[in-house]
Protein chains: 2
Amino acid sequence: MQRYFSSNLKDNNFILSNDDWYHINTVMRMKENDNIEIVYNNSLYLGRIENKQIYMIKKIMDKEISKRKYILCIPLLTDSKMSFVLQKATELGIDMIIPIYTKRSIVKINDKNHKLERWYKICKEASEQSKRLSIPVITDIKELKDLEGEGLKIVCSTTNKSITLKQVLNKCDTITFVVGPEGGFTNDEEELLVNKGFIPITLGENILRVETVPIYILSILKYEE
Amino acid sequence: MQRYFSSNLKDNNFILSNDDWYHINTVMRMKENDNIEIVYNNSLYLGRIENKQIYMIKKIMDKEISKRKYILCIPLLTDSKMSFVLQKATELGIDMIIPIYTKRSIVKINDKNHKLERWYKICKEASEQSKRLSIPVITDIKELKDLEGEGLKIVCSTTNKSITLKQVLNKCDTITFVVGPEGGFTNDEEELLVNKGFIPITLGENILRVETVPIYILSILKYEE
């Protein structure tokens with residue numbers, strides 16, 4: 001069954017965005033009295049299309065039991081690579097995405113708010129498609145010096161060759177991991193992060209593209225949950 | 001340093017394809033006496049451009065010590081998804097890719113040889129970019145009934161909810177894993193594979209897109225090496 005996120009419940013009817021209604025009517029060709037799944041406040045509901053509204057029938061599933069929280073810090077990438085990372089990281093259970101400025105990111109952002117809206121939309125659609133009960137939070141773009149992180153803090157290093165992800169993973173509530181740009185962080189940048197408590201790890205000998213790294217790490221974290 | 005694959009060594013000169021020469025001259029703008037890396041017969045060499053040929057200076061690295069072998073069986077996907085899977089699986093160390101026909105693959109192949117050539121090219125470029133010493137083998141497209149597999153044999157199931165990848169992974173030399181199409185294998189197809197010795201595993205509750213699954217599994221296999 002098709003799933004949509006709603007942030008508004010009024011008189012037992014879920015309010016959806018115009019984009020969602022377009023999807024319901026034009027893409028899915030759904031009709032009056034068809035049932036759909038609605039996620040509202042991290043819970044799952046069964047709803048029915050009635051008089052061009054979504055009537056709440058019942059709650060199906062409650063908030064997710066508290067699971068480990070994943071925070072990804074990623075440099076600005078080209079549009080197609082950024083879309084890819086946002087979509088795949090959402091599928092694989094990311095909770096928060098922090099876009100970061102780095103010296104070797106060559107991508108410039110002209111209209112930041114427009115970009116943040118577009119990124120949110122990609123995450124929302126991927127959340128619906130992969131049947132999540134939450135949409136990842138995308139924060140404002142941050143400078144590296146303002147990055148703090150929570151829980152176990154990791155940075156993917158190109159210089160450190162000895163510490164592996166396996167060695168540092170532990171039973172923590174939150175993992176923050178930072179991925180470098182193409183060409184890696186500069187020495188100064190990596191030093192800054194290490195001084196902030198991020199552990200530099202190696203991902204092995206083969207060279208992964210920047211956009212592959214978050215998927216690689218999240219797959220492992222999910223596997224080790 | 002830029003890396004190219006050669007399948008031919010003659011009078012101490014490596015022979016490269018026209019595509020590679022185009023890349024060397026026009027994309028990389030390399031000149032006479034520039035050094036490049038050449039992979040020949042799974043070994044790495046240092047070469048130098050001399051008289052429009054690649055002169056072999058010395059061997060840098062020998063064949064990879066025998067590592068675990070990974071075989072991916074993947075349904076026919078749309079062009080962009082197939083390119084994505086081939087590129088990322090190559091980065092993550094796949095050794096063999098077997099494209100398979102399945103009931104729910106909706107993609108039709110018109111010119112099979114042209115397609116196989118294109119797929120090979122994607123894997124070759126990804127091998128160069130990720131600094132591999134081998135290019136994955138892509139076999140002819142197979143019917144499910146003709147699929148045998150080697151070593152530990154796994155199929156990603158949508159019906160089996162109990163056996164996880166973690167439970168079945170062991171110290172084997174080869175792992176063959178089969179990914180289903182969008183909508184999953186039919187019951188008959190899954191039964192056929194199970195009868196052939198493929199263990200049906202679950203990838204957890206969240207729904208991953210078909211093209212995400214190989215990347216997810218390979219990331220874990222690489223991590224568990």
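Letters A, B, ... are given to chains in the order of the sequence lines, protein chains preceding strands, and every chain is numbered from 1.
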**Message:** Parallel, tilted or perpendicular, judged at 30° and 60°: which one describes the rings of Tyr4(B) and His23(B)?
**Reply:**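 Judged by the thresholds at 30° and 60°, the geometry between Tyr4(B) and His23(B) is perpendicular.
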**Asked** Do you know which of Ser130(A), Ser219(A), Gly204(A) has the most heavy-atom pairs with chain B at a distance under 4.5 angstrom?
**Response**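 If we count pairs closer than 4.5 Å to chain B, Ser219(A) comes out on top.
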**Prompt:** Which bit of Glu211(B) comes within less than 4.5 Å of chain A, counting heavy atoms only: side chain, backbone, both or neither?
**Reply:**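 For Glu211(B), the side chain is the part near chain A, not the backbone.
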**Message:** Heavy-atom cut-off 4.5 Å, strictly under: side chain, backbone, both or neither for Leu221(B) against chain A?
**Reply:**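 Contact with chain A involves no heavy atom of Leu221(B) at all.
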**Asked** With Ile100(A), which of Leu147(A), Leu76(A), Ile74(A), Ile141(A) fulfils side-chain contact (heavy atoms from CB on, under 4.5 Å)?
**Response**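 Answer after filtering Leu147(A), Leu76(A), Ile74(A), Ile141(A): Leu147(A).
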**Message:** Please classify the contact between Lys88(A) and chain B as side chain, backbone, both or neither, with a heavy-atom cut-off of under 4.5 Å.
**Reply:**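 The answer is the side chain of Lys88(A).
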**Request:** Would you mind checking if Asp19(A) and Lys124(A) are paired as a salt bridge, meaning a charged N to carboxylate O distance below 4.0 Å?
**Result:**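 Not counted as a salt bridge, because no side-chain N and carboxylate O are separated by less than 4.0 Å.
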**Prompt:** Can a salt bridge be assigned to the pair Glu189(A) and Arg104(A) using a cut-off of 4.0 Å between side-chain N and carboxylate O?
**Reply:**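 A salt bridge is absent here (no side-chain N lies under 4.0 Å from a carboxylate O).
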**Message:** Can you tell me which of Glu225(B), Lys166(B), Arg209(B) forms the most heavy-atom pairs within a distance under 4.5 Å of chain A?
**Reply:**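 Among the listed options, the one with the most contacts to chain A is Arg209(B).
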Could you list the donor-acceptor pairs under 3.5 angstrom formed by side chains in residues 153-161 of chain A, with sequence neighbours left out?
{"from": "Lys153(A)", "atom 1": "NZ", "to": "Glu148(A)", "atom 2": "O", "distance (Å)": "2.8"}
{"from": "Lys153(A)", "atom 1": "NZ", "to": "Lys196(A)", "atom 2": "O", "distance (Å)": "2.7"}
{"from": "Ser157(A)", "atom 1": "OG", "to": "Thr159(A)", "atom 2": "N", "distance (Å)": "3.0"}
{"from": "Ser157(A)", "atom 1": "OG", "to": "Thr159(A)", "atom 2": "OG1", "distance (Å)": "3.2"}
{"from": "Ser157(A)", "atom 1": "OG", "to": "Asn160(A)", "atom 2": "N", "distance (Å)": "2.8"}
{"from": "Ser157(A)", "atom 1": "OG", "to": "Glu190(A)", "atom 2": "OE1", "distance (Å)": "3.3"}
{"from": "Ser157(A)", "atom 1": "OG", "to": "Glu190(A)", "atom 2": "OE2", "distance (Å)": "2.7"}
{"from": "Thr159(A)", "atom 1": "OG1", "to": "Glu190(A)", "atom 2": "OE2", "distance (Å)": "3.2"}
{"from": "Asn160(A)", "atom 1": "OD1", "to": "Ser162(A)", "atom 2": "N", "distance (Å)": "2.9"}
{"from": "Asn160(A)", "atom 1": "OD1", "to": "Ile163(A)", "atom 2": "N", "distance (Å)": "3.1"}
{"from": "Lys161(A)", "atom 1": "NZ", "to": "Thr158(A)", "atom 2": "O", "distance (Å)": "3.2"}

